[in-house]
2 protein chains.
Amino acid sequence: METIEQVLESKNIRITAMRMLIYKFLVEKEVAVTLSDIENAFEKADRTTLYRTIKTFEEKDIVHQIDDGTGITKYALCEKDCNCEIETDLHLHFHCTNCNKTICLTENKIPKITVPDGFISENVNLVVKGICDKCSG
Amino acid sequence: METIEQVLESKNIRITAMRMLIYKFLVEKEVAVTLSDIENAFEKADRTTLYRTIKTFEEKDIVHQIDDGTGITKYALCEKDCNCEIETDLHLHFHCTNCNKTICLTENKIPKITVPDGFISENVNLVVKGICDKCSG
DNA sequence: ATAACAAATGCACTTCCATTGCATTGGTTT
DNA sequence: AAACCAATGCAATGGAAGTGCATTTGTTAT
């Protein structure tokens, strides 16, 4: 089991108290979070710091950004060995319109999408909206 | 060939000069447009009017909203017989990262997506990012 | 035709999220 | 300990979405 320090170190991210707290927060959340979610969890911290921390995590492929159609960007930890930038590794996201949570369905890979001649596909974003398992029960 | 008046009438939308102009603008554009695009095309008109006109068109299923991941909502005319609200009728959208245009690929239907037990899928949004035919040539 | 009503438009304003500039703090290295 | 660079905090900006209200325009009924 890797420690948080080891994760950050392996990605060449300087270890700070703030970053460790935010990372821990993301691990504990099983759903994608907005910047405001993080802000509410760390009221003492400045919004900019949280924003830039997430941006750093994103650049270093620790978190990936999710646009679930609510208009607010969400973030979630990447899988251990995920290569978010590789098309074949893309998973889909589920947005529950009832509880407003967005979940990475990492087991559900996106099927091969064909595009017309002349188009070059580099990236696919797929969001399914509906009712999640917790809300449908 | 239906006239613009006939289209609006058939959808129970009151005919006004502004609405006809905006509809015509959407027809002529072959790509999805932002509110700002419309705003720039009609500098004399008020933004709110354009905003509400698009909302009206949306409610009456004349246009559909597209979230292509740029963070800015885009709109495009529905196909003649499209039922945007029906899941099986969903097509995918292509966003060109070069020219920033977003195109409806109405011929490319979204494949059946499976979600885990307990999840209920109501809607699917699929955006492919890459290079469009005009830019790749 | 005109009065009465409803819908459409225009203006002003607000809110929310994303983002940036700059000053300050804190940690590393020599 | 000095110098340096990265991280943080504060303040402010910008852009898009959305709302309230007054005004104009179009429709309907008398």
Side-chain angles (χ1 to χ4, degrees), chain A residues 4-5 7-26 32-60 62-76 95 100 102 125, chain B residues 4-5 7-26 32-60 62-76 95 100 102 125:
Chain A
I4 299 177
E5 283 97 331
V7 173
L8 297 182
E9 232 166 42
S10 73
K11 298 281 188 177
N12 283 317
I13 299 173
R14 197 186 281 202
I15 294 162
T16 68
M18 201 69 246
R19 285 173 176 176
M20 286 180 59
L21 284 171
I22 295 174
Y23 186 87
K24 192 158 170 289
F25 176 76
L26 291 170
V33 299
T34 66
L35 200 56
S36 297
D37 290 335
I38 307 177
E39 210 180 339
N40 293 334
F42 301 97
E43 304 214 333
K44 297 161 300 186
D46 187 77
R47 194 188 154 73
T48 314
T49 305
L50 305 175
Y51 174 75
R52 285 200 259 239
T53 301
I54 283 289
K55 284 288 169 201
T56 304
F57 284 2
E58 214 188 329
E59 279 160 20
K60 304 289 184 173
I62 283 188
V63 304
H64 62 276
Q65 198 171 326
I66 304 166
D67 177 3
D68 62 9
T70 55
I72 299 157
T73 308
K74 294 184 180 174
Y75 305 91
H95 175 68
N100 199 32
T102 296
N125 179 38
Chain B
I4 298 179
E5 284 95 333
V7 174
L8 297 182
E9 234 165 42
S10 72
K11 297 282 186 175
N12 284 315
I13 299 173
R14 199 185 279 202
I15 294 162
T16 69
M18 201 69 247
R19 285 172 176 176
M20 286 181 60
L21 283 171
I22 295 174
Y23 187 87
K24 191 157 170 290
F25 176 75
L26 291 170
V33 299
T34 66
L35 201 56
S36 297
D37 290 336
I38 306 176
E39 208 181 340
N40 292 334
F42 301 98
E43 304 216 334
K44 299 161 297 186
D46 186 76
R47 230 175 51 80
T48 313
T49 305
L50 306 175
Y51 173 75
R52 287 200 258 240
T53 301
I54 283 289
K55 285 285 168 202
T56 303
F57 284 2
E58 213 187 328
E59 279 160 22
K60 304 288 185 176
I62 284 189
V63 304
H64 62 276
Q65 199 171 326
I66 304 167
D67 177 3
D68 63 8
T70 56
I72 299 155
T73 308
K74 294 186 179 174
Y75 305 90
H95 175 69
N100 198 33
T102 295
N125 180 35

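Just so we're on the same page: letters track the sequence lines, and every chain starts at 1. Atoms considered below: every heavy atom in the structure, side chains included; atoms not considered: hydrogens, waters and symmetry mates.
Counting to the nearest Å, the P atom of C:dC17 and the CD1 atom of B:Ile72 are 17 Å from each other. One can place CE of A:Met18 at 7 Å from P of D:dG9, the figure rounded to the nearest angstrom. The distance between atom CG of B:Asp46 and atom C1' of C:dA8, rounded to the nearest whole Å, is 12 Å. Rounded to whole angstrom, the span from the CG atom of B:Asn40 across to the P atom of D:dG15 amounts to 12 Å. Atom CG in A:Asp37 sits roughly 15 Å away from atom P in C:dC16 (whole-Å rounding). Atom CD in A:Glu39 sits about 14 Å away from atom C1' in D:dC10, given to the nearest Å. Rounded to a whole Å, the CD atom of B:Glu9 is 10 Å from the P atom of D:dT27. As rounded to whole Å, 17 Å separates atom P of D:dA6 from atom CG of A:Leu8.
Counting atom types as modelled, B:Thr48 pairs a side-chain N or O with a base atom of C:dC11 as donor and acceptor under 3.5 Å. Side-chain to base pairing of A:Arg19 with C:dG27: no donor and acceptor N or O lie closer than 3.5 Å to each other. In the interface, the side chain of B:Arg47 is paired with the base of D:dA17 through a donor and an acceptor atom under 3.5 Å apart.
Nucleic acid contact class of B:Lys44 (heavy atoms, under 4.0 Å, all strands): none. Among the protein residues, A:Thr73 comes within range of the sugar-phosphate backbone only, with heavy atoms under 4.0 Å from sugar or phosphate atoms but none that close to a base.
The shortest distance between side-chain heavy atoms of B:Ser36 and B:Arg47 does not fall below 4.5 Å.
Note on B:Lys55: every side-chain N or O is 4.0 Å or more away from OP1 and OP2 of D:dA17. Side-chain nitrogen and oxygen atoms of B:Thr16 include at least one within less than 4.0 Å of the OP1 or OP2 phosphate oxygen of C:dT9. The side chain of B:Tyr51 places no N or O atom within less than 4.0 Å of a non-bridging phosphate oxygen (OP1 or OP2) of D:dA17.
If A:Arg14 and B:Arg14 are placed on DNA chain D by their nearest nucleotide, the residue sitting closer to the 5' end is A:Arg14. Residues A:Arg52 and A:Ser36 each lie close to DNA chain C; by heavy-atom proximity, the contact nearer the 5' end of the strand is made by A:Ser36.
A pairwise comparison of heavy atoms in A:Asp37 and A:Val33 identifies OD2-CA, 3.5 Å as the closest pair. Residues A:Leu50 and A:Glu39 come closest through the heavy atom pair CD1-CA, 3.5 Å.
Across D:dT8, D:dA17, C:dT9, the shortest atom-to-atom separation from the side chain of A:Thr53 is found for D:dT8.
Between A:Phe57 and A:Tyr75, a ring centre-to-centre spacing not shorter than 6.0 Å is recorded.
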- Task: Could you please spell out the steps behind the side chain to side chain contact (heavy atoms under 4.5 Å, CB included) verdict for A:Asn100 and A:His95?
- Result: CA-CA 7 Å; A:Asn100 199 32; A:His95 175 68; 3.0 Å; yes

